[in-house]
Amino acid sequence: MKLIDAQEAFFVARRTRKDSPHTTAAYRRDFAGVSAQVAAVLGVEVAEIDLVMVAAQPLRAAFGVFADSHAKSSVARAWSTWNQFFQFCVADGLCPGNPMGAIGRPRAAPLSPKPLRGESTPEQLLSAIAAGARQARAPWPERDLLVLALGLVAGLRASEMRALTRSAMVGRPGERRLFVHGKGNRERSIPIEAPLERVIESYVASCDERFSARFTAESPLLLGSDGAAIGRGALDYLVKSCFRSAGMHDRVPAGANLHALRHTFATRLAEDGANAVEIMTLLGHASLNTSQNYIEATGSHRRAAAASNRTYRVLADLSDPDPAL
(Lines give C-alpha, C1' and ligand atoms only; values in the text may rest on other atoms or scores of the structure.)
Protein backbone atom coordinates (compact mmCIF):
# COMPACT_ATOMS: atom_id res chain seq x y z
CA MET A 1 0.00 0.00 0.00
CA LYS A 2 1.26 3.46 -0.86
CA LEU A 3 2.11 5.79 2.02
CA ILE A 4 -0.21 8.53 0.76
CA ASP A 5 -3.09 6.05 0.48
CA ALA A 6 -2.50 4.89 4.06
CA GLN A 7 -2.51 8.52 5.22
CA GLU A 8 -5.84 9.13 3.50
CA ALA A 9 -7.22 5.99 5.16
CA PHE A 10 -6.07 7.46 8.47
CA PHE A 11 -8.14 10.60 7.85
CA VAL A 12 -11.16 8.53 6.88
CA ALA A 13 -10.85 6.62 10.15
CA ARG A 14 -10.72 9.89 12.09
CA ARG A 15 -13.89 11.33 10.59
CA THR A 16 -16.00 10.04 13.47
CA ARG A 17 -13.78 11.98 15.88
CA LYS A 18 -15.01 15.23 14.28
CA ASP A 19 -11.58 16.88 14.22
CA SER A 20 -11.64 20.61 13.62
CA PRO A 21 -10.40 21.86 10.22
CA HIS A 22 -7.42 23.40 12.03
CA THR A 23 -6.46 20.01 13.54
CA THR A 24 -6.81 18.22 10.21
CA ALA A 25 -4.71 20.86 8.44
CA ALA A 26 -1.99 20.50 11.10
CA TYR A 27 -1.92 16.71 10.60
CA ARG A 28 -1.61 17.16 6.83
CA ARG A 29 1.30 19.59 7.28
CA ASP A 30 3.06 17.11 9.54
CA PHE A 31 2.58 14.33 7.02
CA ALA A 32 3.71 16.47 4.09
CA GLY A 33 6.81 17.84 5.84
CA VAL A 34 8.18 14.50 7.00
CA SER A 35 7.04 12.57 3.90
CA ALA A 36 9.08 14.93 1.73
CA GLN A 37 12.17 14.15 3.80
CA VAL A 38 11.48 10.40 3.70
CA ALA A 39 11.25 10.64 -0.09
CA ALA A 40 14.58 12.48 -0.20
CA VAL A 41 16.24 9.83 1.98
CA LEU A 42 14.86 7.00 -0.19
CA GLY A 43 15.59 8.82 -3.44
CA VAL A 44 12.02 8.56 -4.78
CA GLU A 45 8.97 10.74 -5.20
CA VAL A 46 6.48 10.93 -2.31
CA ALA A 47 3.79 9.28 -4.46
CA GLU A 48 6.09 6.29 -5.04
CA ILE A 49 6.71 5.50 -1.36
CA ASP A 50 5.25 2.19 -0.24
CA LEU A 51 4.27 1.98 3.40
CA VAL A 52 6.66 -0.95 3.97
CA MET A 53 9.54 1.29 2.87
CA VAL A 54 8.98 3.64 5.84
CA ALA A 55 11.08 1.71 8.33
CA ALA A 56 12.90 3.03 11.38
CA GLN A 57 16.17 3.95 9.64
CA PRO A 58 14.85 6.18 6.81
CA LEU A 59 12.21 7.65 9.13
CA ARG A 60 14.88 8.52 11.71
CA ALA A 61 16.97 10.23 9.05
CA ALA A 62 13.92 12.10 7.75
CA PHE A 63 12.96 13.35 11.20
CA GLY A 64 16.55 14.45 11.75
CA VAL A 65 16.46 16.68 8.66
CA PHE A 66 12.95 17.87 9.54
CA ALA A 67 14.17 18.84 13.03
CA ASP A 68 16.99 20.97 11.61
CA SER A 69 14.50 23.51 10.23
CA HIS A 70 11.66 23.29 12.77
CA ALA A 71 11.14 24.31 16.37
CA LYS A 72 11.10 21.75 19.15
CA SER A 73 7.33 22.08 19.54
CA SER A 74 6.79 21.45 15.81
CA VAL A 75 8.98 18.35 15.87
CA ALA A 76 7.14 17.03 18.92
CA ARG A 77 3.78 17.60 17.25
CA ALA A 78 4.92 15.88 14.03
CA TRP A 79 6.22 12.95 16.08
CA SER A 80 2.82 12.62 17.75
CA THR A 81 1.01 12.78 14.38
CA TRP A 82 3.15 10.03 12.86
CA ASN A 83 2.89 7.93 16.00
CA GLN A 84 -0.90 8.07 15.81
CA PHE A 85 -0.68 7.22 12.12
CA PHE A 86 1.39 4.11 12.70
CA GLN A 87 -0.82 3.03 15.59
CA PHE A 88 -3.71 3.17 13.14
CA CYS A 89 -1.73 1.22 10.55
CA VAL A 90 -0.87 -1.52 13.02
CA ALA A 91 -4.46 -1.74 14.27
CA ASP A 92 -5.74 -1.96 10.68
CA GLY A 93 -3.16 -4.56 9.69
CA LEU A 94 -1.43 -2.28 7.21
CA CYS A 95 2.01 -2.75 8.77
CA PRO A 96 3.48 -5.16 11.33
CA GLY A 97 4.78 -2.61 13.84
CA ASN A 98 5.18 1.03 14.82
CA PRO A 99 8.70 2.35 14.03
CA MET A 100 8.21 5.58 16.01
CA GLY A 101 9.72 4.02 19.13
CA ALA A 102 13.08 4.27 17.37
CA ILE A 103 12.66 7.98 16.66
CA GLY A 104 13.76 10.45 19.32
CA ARG A 105 11.05 12.79 20.54
CA PRO A 106 11.83 16.25 22.00
CA ARG A 107 10.74 16.71 25.55
CA ALA A 108 8.01 19.29 25.79
CA ALA A 109 9.12 22.33 27.77
CA PRO A 110 6.93 22.99 30.81
CA LEU A 111 4.37 25.72 30.30
CA SER A 112 5.69 29.08 31.35
CA PRO A 113 2.79 31.53 31.62
CA LYS A 114 3.42 34.82 29.81
CA PRO A 115 1.01 37.38 31.26
CA LEU A 116 1.31 41.08 30.60
CA ARG A 117 3.94 42.70 32.79
CA GLY A 118 2.82 45.28 35.31
CA GLU A 119 0.08 44.99 37.92
CA SER A 120 -2.15 47.66 36.38
CA THR A 121 -1.29 47.02 32.72
CA PRO A 122 -4.64 45.36 31.79
CA GLU A 123 -6.65 48.25 33.21
CA GLN A 124 -4.43 50.87 31.57
CA LEU A 125 -4.61 49.05 28.24
CA LEU A 126 -8.40 48.83 28.27
CA SER A 127 -8.76 52.49 29.27
CA ALA A 128 -6.40 53.68 26.53
CA ILE A 129 -8.11 51.68 23.78
CA ALA A 130 -11.61 52.66 24.92
CA ALA A 131 -10.49 56.30 24.70
CA GLY A 132 -9.46 55.80 21.05
CA ALA A 133 -5.70 55.44 21.44
CA ARG A 134 -5.47 53.09 18.48
CA GLN A 135 -5.19 55.19 15.34
CA ALA A 136 -6.52 53.54 12.18
CA ARG A 137 -7.90 54.52 8.79
CA ALA A 138 -11.39 53.76 10.10
CA PRO A 139 -11.13 53.79 13.91
CA TRP A 140 -13.29 51.19 15.62
CA PRO A 141 -12.70 51.42 19.39
CA GLU A 142 -15.79 49.32 20.18
CA ARG A 143 -14.31 46.31 18.37
CA ASP A 144 -10.79 46.86 19.70
CA LEU A 145 -12.09 47.02 23.25
CA LEU A 146 -14.15 43.85 22.80
CA VAL A 147 -11.19 41.86 21.47
CA LEU A 148 -9.03 42.85 24.45
CA ALA A 149 -11.87 42.16 26.88
CA LEU A 150 -12.51 38.69 25.45
CA GLY A 151 -8.91 37.83 26.22
CA LEU A 152 -8.56 39.57 29.58
CA VAL A 153 -11.87 38.69 31.27
CA ALA A 154 -12.96 35.58 29.35
CA GLY A 155 -9.58 34.02 28.51
CA LEU A 156 -10.42 33.22 24.88
CA ARG A 157 -7.90 31.99 22.33
CA ALA A 158 -7.67 33.72 18.94
CA SER A 159 -9.40 30.80 17.21
CA GLU A 160 -12.18 30.88 19.80
CA MET A 161 -12.75 34.60 19.29
CA ARG A 162 -13.00 34.11 15.55
CA ALA A 163 -15.47 31.23 15.99
CA LEU A 164 -17.89 33.29 18.09
CA THR A 165 -21.26 34.06 16.55
CA ARG A 166 -23.84 36.67 17.53
CA SER A 167 -25.75 33.94 19.34
CA ALA A 168 -22.74 33.04 21.51
CA MET A 169 -23.96 35.22 24.39
CA VAL A 170 -26.85 33.38 26.03
CA GLY A 171 -28.87 33.62 29.23
CA ARG A 172 -30.85 36.27 31.05
CA PRO A 173 -29.42 39.74 31.81
CA GLY A 174 -27.14 39.49 34.82
CA GLU A 175 -26.71 35.72 34.34
CA ARG A 176 -25.31 35.64 30.84
CA ARG A 177 -22.50 33.44 29.60
CA LEU A 178 -20.47 32.96 26.44
CA PHE A 179 -20.85 29.69 24.60
CA VAL A 180 -17.37 28.94 23.25
CA HIS A 181 -16.32 26.36 20.67
CA GLY A 182 -12.81 25.59 21.80
CA LYS A 183 -9.69 23.68 20.91
CA GLY A 184 -10.14 20.03 20.02
CA ASN A 185 -13.86 20.58 19.42
CA ARG A 186 -14.39 21.01 23.17
CA GLU A 187 -17.22 23.34 24.07
CA ARG A 188 -17.55 25.35 27.26
CA SER A 189 -19.71 28.01 28.82
CA ILE A 190 -18.02 31.04 30.42
CA PRO A 191 -19.99 33.20 32.87
CA ILE A 192 -19.71 36.90 32.06
CA GLU A 193 -20.61 39.98 34.05
CA ALA A 194 -22.60 43.08 33.12
CA PRO A 195 -19.58 45.18 32.01
CA LEU A 196 -18.66 42.66 29.30
CA GLU A 197 -22.33 42.37 28.32
CA ARG A 198 -22.38 46.13 27.70
CA VAL A 199 -19.14 46.02 25.71
CA ILE A 200 -20.60 43.31 23.46
CA GLU A 201 -23.88 45.18 23.03
CA SER A 202 -22.07 48.43 22.20
CA TYR A 203 -19.93 46.62 19.64
CA VAL A 204 -22.94 44.92 18.01
CA ALA A 205 -24.68 48.30 17.72
CA SER A 206 -21.56 49.75 16.06
CA CYS A 207 -21.61 46.91 13.51
CA ASP A 208 -25.21 47.66 12.60
CA GLU A 209 -24.29 51.30 12.08
CA ARG A 210 -21.22 50.57 9.96
CA PHE A 211 -22.58 47.93 7.60
CA SER A 212 -25.74 47.61 5.59
CA ALA A 213 -25.58 43.82 5.61
CA ARG A 214 -28.27 41.97 7.49
CA PHE A 215 -26.76 39.96 10.29
CA THR A 216 -28.30 36.80 11.72
CA ALA A 217 -27.82 34.99 15.02
CA GLU A 218 -25.22 32.77 13.34
CA SER A 219 -23.25 35.61 11.76
CA PRO A 220 -19.63 35.91 12.98
CA LEU A 221 -19.37 38.19 15.99
CA LEU A 222 -15.95 39.68 15.28
CA LEU A 223 -15.77 41.42 11.93
CA GLY A 224 -13.05 42.92 9.81
CA SER A 225 -13.21 46.35 8.22
CA ASP A 226 -15.03 44.85 5.21
CA GLY A 227 -17.87 43.45 7.32
CA ALA A 228 -16.76 39.83 6.87
CA ALA A 229 -15.40 37.59 9.63
CA ILE A 230 -12.06 38.91 10.84
CA GLY A 231 -9.07 36.93 9.59
CA ARG A 232 -6.41 35.36 11.77
CA GLY A 233 -3.70 37.77 10.61
CA ALA A 234 -5.95 40.80 10.98
CA LEU A 235 -6.84 39.81 14.55
CA ASP A 236 -3.20 39.33 15.45
CA TYR A 237 -2.29 42.70 13.94
CA LEU A 238 -5.17 44.39 15.75
CA VAL A 239 -3.89 43.24 19.15
CA LYS A 240 -0.27 44.16 18.36
CA SER A 241 -1.30 47.64 17.29
CA CYS A 242 -3.37 48.05 20.45
CA PHE A 243 -0.29 47.35 22.57
CA ARG A 244 1.79 49.73 20.48
CA SER A 245 -0.83 52.51 20.42
CA ALA A 246 -1.26 52.31 24.18
CA GLY A 247 2.52 52.51 24.64
CA MET A 248 2.65 49.05 26.22
CA HIS A 249 4.44 46.93 23.64
CA ASP A 250 7.36 46.59 26.05
CA ARG A 251 5.07 44.94 28.62
CA VAL A 252 4.22 42.00 26.35
CA PRO A 253 6.40 38.88 26.76
CA ALA A 254 8.22 37.87 23.59
CA GLY A 255 6.12 35.65 21.35
CA ALA A 256 2.93 36.05 23.37
CA ASN A 257 0.86 38.84 21.75
CA LEU A 258 -2.86 37.90 21.92
CA HIS A 259 -2.09 34.86 24.06
CA ALA A 260 -0.65 37.20 26.68
CA LEU A 261 -4.23 38.35 27.33
CA ARG A 262 -5.33 34.77 28.00
CA HIS A 263 -2.30 34.13 30.22
CA THR A 264 -3.09 37.30 32.17
CA PHE A 265 -6.65 36.06 32.71
CA ALA A 266 -5.44 32.68 33.97
CA THR A 267 -2.68 34.12 36.15
CA ARG A 268 -5.07 36.52 37.84
CA LEU A 269 -7.50 33.65 38.49
CA ALA A 270 -4.70 31.75 40.23
CA GLU A 271 -3.58 34.81 42.21
CA ASP A 272 -7.14 35.39 43.40
CA GLY A 273 -7.51 31.84 44.71
CA ALA A 274 -9.06 29.83 41.87
CA ASN A 275 -8.13 26.17 41.99
CA ALA A 276 -6.79 24.11 39.09
CA VAL A 277 -10.18 22.58 38.26
CA GLU A 278 -11.82 26.01 38.02
CA ILE A 279 -9.01 27.31 35.80
CA MET A 280 -9.22 24.18 33.64
CA THR A 281 -12.97 24.63 33.17
CA LEU A 282 -12.83 28.34 32.36
CA LEU A 283 -9.89 28.10 29.94
CA GLY A 284 -10.92 24.85 28.26
CA HIS A 285 -7.70 23.00 29.01
CA ALA A 286 -7.54 19.31 28.12
CA SER A 287 -5.19 18.53 31.01
CA LEU A 288 -5.34 19.51 34.66
CA ASN A 289 -1.54 19.74 34.64
CA THR A 290 -1.70 22.70 32.25
CA SER A 291 -3.99 24.57 34.62
CA GLN A 292 -1.85 23.65 37.63
CA ASN A 293 1.09 25.45 35.99
CA TYR A 294 -0.64 28.80 36.50
CA ILE A 295 -1.07 28.12 40.20
CA GLU A 296 2.54 27.04 40.55
CA ALA A 297 3.70 30.10 38.62
CA THR A 298 1.99 32.46 41.04
CA GLY A 299 3.46 30.70 44.05
CA SER A 300 0.37 31.57 46.12
CA HIS A 301 -0.01 28.05 47.48
CA ARG A 302 3.66 27.82 48.43
CA ARG A 303 3.47 31.23 50.09
CA ALA A 304 0.37 30.20 52.05
CA ALA A 305 2.06 26.99 53.17
CA ALA A 306 5.18 28.84 54.30
CA ALA A 307 3.09 31.46 56.12
CA SER A 308 1.30 28.77 58.13
CA ASN A 309 4.51 27.94 60.00
CA ARG A 310 3.64 28.31 63.72
CA THR A 311 7.01 29.88 64.45
CA TYR A 312 5.88 33.00 62.58
CA ARG A 313 3.58 33.82 65.51
CA VAL A 314 6.53 34.02 67.89
CA LEU A 315 8.60 35.89 65.36
CA ALA A 316 5.76 38.39 64.90
CA ASP A 317 5.75 39.16 68.61
CA LEU A 318 9.52 39.50 68.73
CA SER A 319 9.64 41.81 65.72
CA ASP A 320 6.72 44.05 66.77
CA PRO A 321 8.29 47.45 67.51
CA ASP A 322 5.55 48.30 70.03
CA PRO A 323 3.89 45.16 71.52
CA ALA A 324 1.60 47.32 73.65
CA LEU A 325 -0.06 48.62 70.50
Nearest heavy-atom pair of [X] and [Y]: which atoms, and what distance?
X    : Y    : result
A13  : T16  : O-OG1, 3.7 Å
E142 : S202 : CG-OG, 3.7 Å
R262 : L283 : NH2-O, 2.9 Å
R117 : P253 : NH1-CA, 3.6 Å
E119 : P122 : O-CD, 3.9 Å
P106 : V75  : CG-CG1, 3.7 Å

task = May I have the step-by-step check of side-chain contact (heavy atoms from CB on, under 4.5 Å) for S80 and R77, ending in yes or no?
result = CA-CA 5 Å; S80 177; R77 190 196 62 225; 5.7 Å; no
Quick one: do [X] and [Y] end up in the same hydrophobic cluster if we chain Ile, Leu, Val, Met, Phe, Trp and Tyr together by side-chain heavy atoms under 4.5 Å apart?
X    : Y    : result
Y203 : F179 : no
V44  : V38  : yes
M169 : L148 : yes
V41  : V34  : no
L51  : F63  : yes

Can you confirm whether [X] sits close enough to [Y] that some side-chain heavy atom of one is under 4.5 Å from a side-chain heavy atom of the other?
X    : Y    : result
V153 : I192 : no
L196 : L146 : yes
Q84  : W79  : no
I129 : V147 : no
T281 : R188 : no

Treating [X] as the side-chain partner and [Y] as the backbone partner, does any N or O pair qualify as donor plus acceptor under 3.5 Å?
X    : Y    : answer
R60  : P99  : no
Q57  : V54  : no
S167 : A217 : yes
Y237 : R232 : no
D50  : V52  : no
R143 : L223 : yes
D92  : L94  : no
T267 : H263 : yes

inquiry  = Let's go through L156 and I190 carefully: what are the C-alpha distance in whole Å and the side-chain angles of both, what is the deciding distance for side-chain contact (heavy atoms from CB on, under 4.5 Å) to 0.1 Å, and is it a yes or a no?
reply    = CA-CA 10 Å; L156 268 59; I190 304 174; 3.6 Å; yes
task = Just do the side-chain contact (heavy atoms from CB on, under 4.5 Å) check on V170 and L178 with the steps written out, would you?
result = CA-CA 6 Å; V170 298; L178 279 180; over 6 Å; no
ask   = What do you reckon, are the aromatic ring centroids of F11 and F31 less than 6.0 Å apart?
value =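 F11 vs F31: aromatic centres under 6.0 Å.
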inquiry  = Could you check, using the six-membered ring where one of them is a Trp, whether F211 and W140 have ring centers closer than 6.0 angstrom?
reply    =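 Yes, close enough.
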May I ask you to decide whether [X] forms a salt bridge with [Y], counting only side-chain N to carboxylate O separations under 4.0 Å?
X    : Y    : result
R186 : E160 : no
D236 : R162 : no
E8   : R28  : yes
E123 : R268 : yes

request  = Examine the side chains of S35 and Q7 and answer whether a donor and an acceptor come within less than 3.5 Å of each other.
outcome  =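 Side-chain D/A pair, S35 to Q7: present.
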From [X] [atom1] over to [Y] [atom2], what is the distance, rounded to the nearest 0.5 angstrom?
X    : Y    : atom1 : atom2 : value
E175 : R172 : CD    : CZ    : 4.0 Å
L152 : L125 : CG    : CG    : 6.5 Å
M161 : L261 : CE    : CG    : 6.0 Å
I230 : L235 : CD1   : CG    : 5.0 Å
T81  : D30  : OG1   : CG    : 3.5 Å
T264 : H259 : OG1   : NE2   : 11.0 Å

key: Cation over ring face, R14 and Y27, 6.0 Å, 45°   =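 No cation-pi geometry.
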message = Can you confirm if the NZ or CZ of R251 lies within 45° of the ring axis of F243 and under 6.0 Å from the centre of its six-membered ring?
response =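 Not satisfied by the 6.0 Å and 45° rule.
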Heavy atoms of other groups near [X] [atom1], more than 12 under 6.0 Å:
X    : atom1 : value
E278 : CD    : yes
E187 : CD    : yes
Q87  : CD    : yes

request  = Pick out which of P139, S245, P141 makes a side-chain contact (heavy atoms from CB on, under 4.5 Å) with R134.
outcome  =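 In the set P139, S245, P141, the residue that makes a side-chain contact (heavy atoms from CB on, under 4.5 Å) with R134 is S245.
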task = Could you tell me how the ring of W82 sits relative to the ring of F86: parallel (under 30°), tilted (30 to 60°) or perpendicular (over 60°)?
result =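 Rings of W82 and F86: tilted, as their planes differ by 30° to 60°.
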task = Given side-chain contact (heavy atoms from CB on, under 4.5 Å), test R157 with L258 step by step and report yes or no.
result = CA-CA 8 Å; R157 303 176 176 94; L258 191 150; 6.0 Å; no
